[in-house]
Undergrad: 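Take a look at this one; I'll ask things after.
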Amino acid sequence: MVRVSFRQQVLQVREDAIISAVNRLLAGKGFEAMTVDEVAADVGIAKASLYKHFASKEELAAAAMVRVLDHALAFIDQRATVHAQTAPFDQLKAVARWTMEVQLAGEMPSLPSQSSSLRTALMQHRVYLDRVMSVSDRLGAWIVAAQAAGTVNPSLPAEAVLYTLFARACDPVLGLLKAGGHYTDEKIIEIVMTTCFDGLGAR
């Protein structure tokens, strides 16, 4: 077992604190509004110290996304192990519900696709891309199985279903309903789950 030096432990704790701060700021303000100065102030370190860990705002955002994807993978793997007998369609619903819970808790980074610098940084970030592919592969297997079982519309391209599920992690409907103050978080999730999985047509 490799021993980690005290200095390395301190650096890791600081890096974890930085990523947590970035996650909160991205969830609350979005990428464009967040500044490196705000991150440093939130953590309580000098901006120069922050740059020893992350070279740019884009790298900070990528690190926050990797953390979320790591949590997503852990959740998916736990579902696959502990709930191995659960139908694929219900597994997909459980993942969608989890992403909404994370967003309503203010822990889901908001990363606009129109930011070209961020998009470029993410497309060059090997760890981020690996995590996205891992999540996609796991969800894709459940989507294909659910389509084969007839519980997800087999005429839909599997990738369209996948992107629809990904979109739940940044669905603005959740924030709008919460801002209205008329519904609990659980009720908001039920509403969005219904529109996502049952559609808008009358039954």
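Remember, it's a predicted structure, so these values are computed and weren't measured experimentally. One is the number of the first residue; the rest follow in order along the sequence. Only heavy atoms go into these numbers, but all of them, side chains included; no hydrogens, no water, no symmetry mates.
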Undergrad: As an exercise, state the distance from CG of D185 to CE of M100, rounded to the nearest 0.5 Å.
TA: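 Spacing of CG (D185) from CE (M100) equals 12.0 Å.
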Undergrad: Count I, L, V, M, F, W, Y as connected when their side-chain heavy atoms are under 4.5 Å apart, and connections chain through other members. Are W98 and V82 then in the same cluster?
TA: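 Looking at the clustering, V82 is in a separate group from W98.
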Undergrad: May I ask you to check whether D37 and T35 show a side-chain donor-acceptor distance below 3.5 Å?
TA: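 Short answer, no.
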Undergrad: I need the full list of salt bridge (charged side-chain N to carboxylate O under 4.0 Å, His left out) pairs touching residues 134-144, with sequence neighbours left out, sorted by first then second residue.
TA: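 For residues 134-144, and leaving out neighbouring residues, the salt bridge (charged side-chain N to carboxylate O under 4.0 Å, His left out) pairs sorted by first residue read D77-R138.
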Undergrad: Same cluster or not: are M123 and V66 linked, directly or through other Ile, Leu, Val, Met, Phe, Trp or Tyr residues, by side-chain heavy atoms under 4.5 angstrom apart?
TA: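 Hydrophobic grouping puts M123 with V66.
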Undergrad: Does any part of the side chain of M65, heavy atoms only, come nearer than 4.5 Å to the side chain of H125, both counted from C-beta?
TA: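 When only atoms from C-beta onward are counted, M65 and H125 do not touch, as no gap falls below 4.5 Å.
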Undergrad: Between W142 and L92, what is the shortest heavy-atom contact and its length?
TA: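 For W142 versus L92, the nearest heavy atoms are CB-CD2, 3.7 Å.
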Undergrad: Nearest 0.5 Å, please: how far is CD in E15 from OG in S20?
TA: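 The CD atom of E15 is 11.0 Å from OG of S20, to the nearest 0.5 Å.
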Undergrad: With side chain to side chain contact (heavy atoms under 4.5 Å, CB included) as the criterion, how do D42 and R24 come out once you've worked through the C-alpha distance, each side chain's angles and the decisive distance to 0.1 Å?
TA: CA-CA 10 Å; D42 191 284; R24 288 191 302 272; 2.5 Å; yes
Undergrad: Are any non-hydrogen side-chain atoms of V95 and L165 less than 4.5 angstrom apart?
TA: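 With C-beta onward as the side chain, the pair stays apart.
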Undergrad: Less than 4.5 Å apart, side chain to side chain, heavy atoms only: is that true for M133 and L129?
TA: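 Not in contact.
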Undergrad: Sub-3.5 Å donor-acceptor pair from the side chain of K57 to the main-chain atoms of M34, do we have one?
TA: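 Yes.
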Undergrad: Backbone N or O of I189 within a donor-acceptor pair of the E101 side chain at under 3.5 Å?
TA: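 Flag not set: sc E101 to bb I189 has no pair under 3.5 Å.
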Undergrad: Any sub-3.5 Å donor-acceptor pair from T99's side-chain atoms to A96's backbone N or O?
TA: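 Judged by distance alone, yes, a pair lies under 3.5 Å.
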Undergrad: Distance from L162 atom CG to L139 atom CG, nearest 0.5 Å?
TA: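 Rounded to the nearest 0.5 Å, the CG-CG separation comes to 6.0 Å.
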Undergrad: In the structure I gave you, are the side-chain heavy atoms of R168 and R97 within less than 4.5 Å of one another anywhere?
TA: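 Answer no - side chains too far apart.
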Undergrad: Could you tell me which non-hydrogen atom of Q147 sits nearest to which non-hydrogen atom of A158, and how far apart they are?
TA: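 Closest approach of Q147 to A158, heavy atoms only: OE1-CB, 4.0 Å.
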Undergrad: Quick one: salt bridge (charged side-chain N to carboxylate O under 4.0 Å, His left out) partners of E159, sequence neighbours excluded?
TA: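 Expected list: none.
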Undergrad: Using 0.5 Å steps for rounding, measure from the CD atom of E59 to the CD atom of Q124.
TA: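 Going from CD on E59 over to CD on Q124, the span is 10.5 Å.
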Undergrad: Measuring from atom CD of Q91 to atom CD1 of I143, what distance do you get when rounded to the nearest 0.5 angstrom?
TA: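 So the gap between those two atoms works out to 12.5 Å.
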Undergrad: Closest heavy-atom contact between V43 and A21?
TA: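 Looking at all heavy atoms of both residues, the closest pair is CG2-CB, 3.7 Å.
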Undergrad: When you check the gap from the basic side-chain N to the acidic O, do R67 and D70 get nearer than 4.0 Å?
TA: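 Judged by the 4.0 Å cut-off on N to carboxylate O distance, R67 and D70 do not form a salt bridge.
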Undergrad: Does T151 reach the main-chain N or O of A146 with its side chain, forming a donor-acceptor pair under 3.5 Å?
TA: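 Such a contact is found between T151 side chain and A146 backbone.
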Undergrad: Do L60 and V13 sit in the same hydrophobic cluster, where Ile, Leu, Val, Met, Phe, Trp and Tyr count as joined when their side-chain heavy atoms come under 4.5 Å apart?
TA: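 No.
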Undergrad: Once the angle between the rings of F197 and F89 is folded into 0 to 90°, is it parallel (under 30°), tilted (30 to 60°) or perpendicular (over 60°)?
TA: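 The rings of F197 and F89 stand perpendicular, inter-plane angle above 60°.
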Undergrad: Got a salt bridge between R119 and E58, using NZ or NE/NH1/NH2 to carboxylate O under 4.0 Å?
TA: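 Looking at E58 together with R119, the answer is no, because their closest N to O distance does not fall below 4.0 Å.
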Undergrad: Please give me the minimum heavy-atom distance between L118 and A61, naming the atom from each residue.
TA: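 Taking L118 first and A61 second, the nearest heavy atoms are CD1-CB, 3.7 Å.
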Undergrad: In Å and rounded to the nearest 0.5 Å, what is the CD1 to CE distance from I188 to M193?
TA: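 It is 14.0 Å, given to the nearest 0.5 Å.
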Undergrad: Counting distance only, does the side-chain N/O of K47 pair as donor-acceptor with the main-chain N or O of V36 below 3.5 Å?
TA: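 It does not hold such a pair.
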Undergrad: Transitively linked via ILVMFWY side-chain contacts under 4.5 Å: V144 with I76?
TA: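 No, V144 does not connect to I76 through the hydrophobic network.
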Undergrad: Are the side chains of I45 and R14 in contact, using a 4.5 Å heavy-atom criterion?
TA: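 The answer is yes, as the side chains (C-beta and beyond) meet within the 4.5 Å cut-off.
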Undergrad: Looking at A40 and L50, what are the two nearest heavy atoms and their distance?
TA: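 What the structure gives for the nearest pair is N-CD1, 3.7 Å.
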Undergrad: With heavy-atom distances below 4.5 Å as the criterion, would you say the side chains of K93 and D90 are in contact?
TA: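 K93 reaches D90 side chain to side chain.
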Undergrad: Where is the tightest heavy-atom contact between G106 and A27, given as atom of each residue plus distance?
TA: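 For G106 and A27, the tightest heavy-atom pair comes out as O-CB, 3.3 Å.
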Undergrad: Going hydrophobic residue to hydrophobic residue with side-chain gaps under 4.5 angstrom, can you get from Y163 over to Y128?
TA: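 Yes; Y128 is reachable from Y163 via cluster members.
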Undergrad: Please list, chain by chain and in numerical order, all residues satisfying side-chain hydrogen bond (donor to acceptor under 3.5 Å, both in side chains) with N23, sequence neighbours excluded.
TA: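 For N23 there are no side-chain hydrogen bond (donor to acceptor under 3.5 Å, both in side chains) partners, ignoring immediate neighbours.
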